[in-house]
Amino acid sequence: MKLSEYFLPTLREDPAEAEAVSHRLMLRAGMIRKLASGIYSWLPMGLRTLRRVENIVREEMDRAGALEVLLPLVQPAELWKETGRWDNFGKELLRFKDRKEHDFCLGPTHEEVITDLVRREVRSYRDLPLILYQIAPKFRDEIRPRFGVMRAREFLMKDAYSFDADEEGLNRSYEAMYEAYQRIFSRCGLRFRAVLADTGAIGGSESHEFMVLAETGEDRLALCEACGYAANVELAESKKEFSYPEEKERPLEKVATPGVKSVEEVAAFLGVPPSKLVKTLLFRAGGEVVAVLIRGDLELNEVKLRNLLGVPEVEMADAETVKRVTGAPVGFAGPVALSGVRILADLSVRGLRNFVTGANEADAHLVNVNYGRDFPEPEFYDLRVVSEGDPCPRCGRPLAVTRGIEVGHIFKLGTKYSEAMRATFLDREGKERPLVMGCYGIGIGRTVAAAIEQNHDHAGIIFPREIAPFEALILTLGPEAELMEISERIYHTLNSSGVETLWDDRDERPGVKFKDADLIGIPFQIIVGRRFKETGRVEVKERSTGQREDLLPEEVVKRLQGSA
RNA sequence: CGGGGCGUAGCGCAGUCUGGCAGCGCACCUGCCUUGGGAGCAGGGGGUCGGCGGUUCAAAUCCGCCCGCCCCGACCA
């Protein structure tokens, strides 16, 4: 393509609406434009990148034996009622009525549709295993869309579903998808890790997330260099032993702490370390309110709490509930004389003596609190978020905590959906059994954003070669016929040799072309300018390293093909 | 949904406190000039100041309601 005939609206300045690096760069590089909150158009340069990722995904899915389908975005409520998700999926599910007043929704995921399809067509174990996938838009009415296409409401996703006769079959399908994912993200040129993950709302027994490592990631990962253990921090088990020196129980005392609420404030006010405080956190879980105790300097893990309680959701109690349960405003809750709620405690509290808690009254805390004496000994569980340096749950060596962007997630679903929707087959003995399912997602647009998040510098994007919109960009630094002619020759030679090349033939000054070239991140820049007039050589600059080589025009093709 | 912030030309912003001609830079159009890191000169086009209502001789500016967007938290590919 000639840039003079292309559609590449680059921005010189950062758009005010974008904070995240990838979001900023995608807007500036003319890859995307926003239509509404969380809803984006992909422009030619962005779409080419998206397609590169999509094609890698497609190739690897096909290689793994999965079959491509295309499922409807608009789905009837009836299917969702069968699994119960019409009522409990939450507001992310955008529901609406058609002209005949029938309920429909925009598909946020396609378990229902695919299960419906398969139950109609698959009867026998002979039809199994079956893995179907699609690459198609999804819609989730996210509470807060963020970071451009990273967390959009409408987004392109690859979702695959496996159907097997039994658990072993599921394990094989899961393994095949796991391998495919490894290949996909490697081919995309990304630094990533597969980590153990919580199954969340989708449900199921086992799950891995594929995380692109980036400081700006929204998830935290616990990694062990020694044994390879890798888990989302949400479910990484804490093996840290808490032991405290023997200490005599001192008399309980109430102290006035006017307006002093947060752990930091209370610790500073009383002149004790935050580790001498015990936070009392109130949660709504199912119908009940539970109080959770954890040492002041540690972080509670809501996923562990949710799984422990066996409820689909826990949420922090609102101010009104806190007031009703404790009799005090938020910030002064404590376990002493707290009645009517179940009290759980993190293991970090076991053995702790003479600690500080809220007094369940405004502007007051208790010091020298001891469980067993001042309130009944609570149930102790592992409820904290692991932190850097904690012992690895598998080998005991210190864990590292790092950040990642979730680009893929695979689940063993089991028979959750097949049972709810009566998707069954006849086994070898002629017995009817539910299909054993798995599901496997990849955020295509998010992968593009994550790649940029991981590969950029102050000047712009540095695309990994495998997903770059073009491989080479010719910059012609002047209008002279001599330069245009040689540029055009290189342009045709490259494109006809299979090196996808964009030619900046615009009537722009060199500075503009250099800036745009660095911004859009095409791996190789072929610079045709003064140097050519002087020496008959053009310059090939590698975007990722900044290295430049002077080559004769006829050497360029070989150079670019050679480094493939 | 809770907390914070923003809405003025395509983009980035000033002007709002203290009401009085709607501005600046970039981009865009024309001409000249220029061509190795976002040139220069001259001329030019472009605005329901987010919307509706109110106060006032007069509203971008004050008041009320509404809408949109961004950032921080709970959700997810």
Side-chain angles (χ1 to χ4, degrees), chain A residues 9-20 23 27-28 30 33-39 53 57 89-93 108-109 135-160 181 197-202 209-212 218-219 232 234 283-284 302-303 306 312-316 318-319 330 405-411 439-450 459 475-480 483 506-519 525 527-534 538-539 541 548:
Chain A
T10 56
L11 302 175
R12 181 181 292 227
E13 287 168 285
D14 281 333
E17 69 181 46
E19 194 76 7
H23 186 193
L27 287 167
R28 282 194 54 203
R33 286 292 183 268
K34 186 177 66 184
L35 178 62
S37 178
I39 300 180
V53 173
V57 170
F89 199 90
K91 288 196 183 159
E92 286 74 29
L93 183 65
T109 174
I135 298 173
K138 296 267 182 286
F139 192 93
R140 293 183 192 169
D141 199 358
E142 293 281 343
I143 299 168
R144 182 153 91 84
R146 221 189 304 206
F147 305 147
V149 298
M150 189 95 85
R151 179 194 298 270
R153 294 196 291 170
E154 182 177 309
F155 57 101
L156 190 65
M157 178 172 167
K158 186 284 301 180
D159 49 326
Y181 275 43
D198 183 59
T199 54
I202 308 251
E209 289 165 333
F210 287 76
M211 296 281 190
V212 169
E218 294 185 78
D219 288 274
N232 192 310
E234 289 179 342
F283 286 89
R284 304 189 69 97
E302 292 191 22
V303 170
R306 189 220 307 141
E313 219 40 71
V314 295
E315 54 174 346
M316 287 288 275
D318 53 70
V330 173
I405 300 163
E406 183 190 357
V407 290
H409 201 161
I410 62 178
F411 301 80
C439 77
Y440 315 90
I442 290 179
I444 307 283
R446 183 183 282 186
T447 300
V448 171
L475 317 196
T476 306
L477 304 184
E480 296 91 329
L483 298 180
R506 294 175 301 174
D507 180 21
E508 288 287 356
R509 300 175 58 82
V512 173
K513 298 192 177 190
F514 282 126
K515 292 290 184 190
D516 274 347
D518 288 345
L519 175 62
Q525 298 172 11
I527 300 157
V528 182
R530 192 171 60 206
R531 176 116 1 119
F532 177 76
K533 283 188 275 187
E534 290 165 356
V538 300
E539 193 175 328
K541 176 184 154 191
R548 296 158 188 267

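These numbers were taken from a predicted model, which means no experiment stands behind them. All chains are named by letter (A, B, ...) in the order of the sequence lines, taking the proteins before the strands, and each is independently numbered beginning at 1.
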Problem - Steps toward side chain to side chain contact (heavy atoms under 4.5 Å, CB included) verdict (A:Leu27, A:Arg33) - result: CA-CA 6 Å; A:Leu27 287 167; A:Arg33 286 292 183 268; 4.2 Å; yes
Both distances under 3.5 Å, Watson-Crick or G-U wobble: report the partner of [N], or none.
N: B:A39; value: none
N: B:G73; value: B:C1
N: B:C65; value: B:G51
N: B:C28; value: B:G44

From [atom1] of [X] over to [atom2] of [N], roughly how many Å is that when rounded to an integer?
X: A:Asn232; N: B:A77; atom1: CG; atom2: P; value: 12 Å
X: A:Arg284; N: B:A74; atom1: CZ; atom2: C1'; value: 15 Å
X: A:Leu156; N: B:C76; atom1: CG; atom2: C1'; value: 16 Å
X: A:Leu11; N: B:G25; atom1: CG; atom2: C1'; value: 15 Å
X: A:Lys138; N: B:A77; atom1: NZ; atom2: C1'; value: 9 Å
X: A:Leu93; N: B:C75; atom1: CG; atom2: P; value: 18 Å
X: A:Leu27; N: B:C11; atom1: CG; atom2: C1'; value: 11 Å
X: A:Asp198; N: B:A74; atom1: CG; atom2: P; value: 14 Å

In whole angstrom, give me the gap between the [atom1] atoms of [N] and [M].
N: B:U16; M: B:G50; atom1: P; answer: 15 Å
N: B:C71; M: B:C17; atom1: C1'; answer: 25 Å
N: B:U48; M: B:C66; atom1: P; answer: 25 Å
N: B:A39; M: B:G51; atom1: C1'; answer: 42 Å
N: B:C13; M: B:C6; atom1: P; answer: 12 Å
N: B:G19; M: B:C57; atom1: C1'; answer: 12 Å
N: B:C63; M: B:C70; atom1: P; answer: 26 Å
N: B:U35; M: B:C11; atom1: P; answer: 34 Å

At 4.0 Å (heavy atoms only), tell me whether [X] reaches a base, stays on the sugar-phosphate, or touches nothing.
X: A:Ala152; result: base
X: A:Asp141; result: nothing
X: A:Glu142; result: base

Exercise for the section: Tell whether A:Arg28 reaches the base of B:G38 with its side chain through a donor-acceptor pair below 3.5 angstrom. Expected result: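 Yes.
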Could you list the residues that satisfy side chain to side chain contact (heavy atoms under 4.5 Å, CB included) with [X], not counting sequence neighbours?
X: A:Glu406; answer: A:Glu209, A:Met211, A:Asp219, A:His409, A:Arg446
X: A:Pro108; answer: A:Trp80, A:Phe89, A:Leu93, A:Arg140
X: A:Lys515; answer: none

Exercise for the section: Find the distance between CG (A:Asp516) and CG (A:Leu11) and round it off to the nearest 0.5 Å. Expected result: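 Going from CG on A:Asp516 over to CG on A:Leu11, the span is 10.0 Å.
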Handout entry: Atom pair CD (A:Glu234) and CD (A:Glu302), whose distance is rounded to the nearest 0.5 Å
Key =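 If I round to the nearest 0.5 Å, the distance is 10.0 Å.
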Problem - For the student: nearest non-hydrogen atoms of A:Pro145 and A:Gly38, plus distance - result: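 Heavy-atom minimum between the residues: CB-CA, 3.7 Å.
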Problem - Full working for side chain to side chain contact (heavy atoms under 4.5 Å, CB included) between A:Arg28 and A:Glu13 - result: CA-CA 7 Å; A:Arg28 282 194 54 203; A:Glu13 287 168 285; over 6 Å; no
Practice task
At under 4.0 Å between heavy atoms, which parts of nucleotides 66-73 of chain B does protein reach? Answer with one letter per nucleotide, 5' to 3': B base, S sugar-phosphate only, - none.
Solution key: ---SSBBB
Practice task
Go along nucleotides 30-37 of chain B 5' to 3' and tag each nucleotide: B for a protein heavy atom under 4.0 Å from its base, S when only backbone or sugar atoms are that close, - otherwise.
Solution key: ----BBBB
Practice task
List for me each residue that meets ring-ring contact (aromatic ring centres under 6.0 Å, His included) alongside A:Phe532, sequence neighbours excluded, and say none if there are none.
Solution key: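 Testing A:Phe532 for ring-ring contact (aromatic ring centres under 6.0 Å, His included), a comparison that skips the adjacent residues, returns none.
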Handout entry: RNA chain B: 5'-proximal contact among A:Arg12 and A:Arg446 (nearest heavy atom)
Key =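 It is A:Arg12 whose nearest nucleotide is closer to the 5' end.
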Problem - RNA chain B: 5'-proximal contact among A:Glu13 and A:Glu218 (nearest heavy atom) - result: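 The 5'-side residue here is A:Glu13.
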Exercise for the section: Verify the neighbour count for atom CZ of A:Arg284: are there more than 12 heavy atoms of other residues, nucleotides or ligands below 6.0 Å? Expected result: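 Counting other residues, nucleotides and ligands, CZ of A:Arg284 stays at 12 neighbours or fewer.
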Problem - Heavy-atom check, side chain of A:Glu539 versus side chain of A:Gln525, under 4.5 Å - result: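 No, every pair of side-chain atoms sits at 4.5 Å or beyond.
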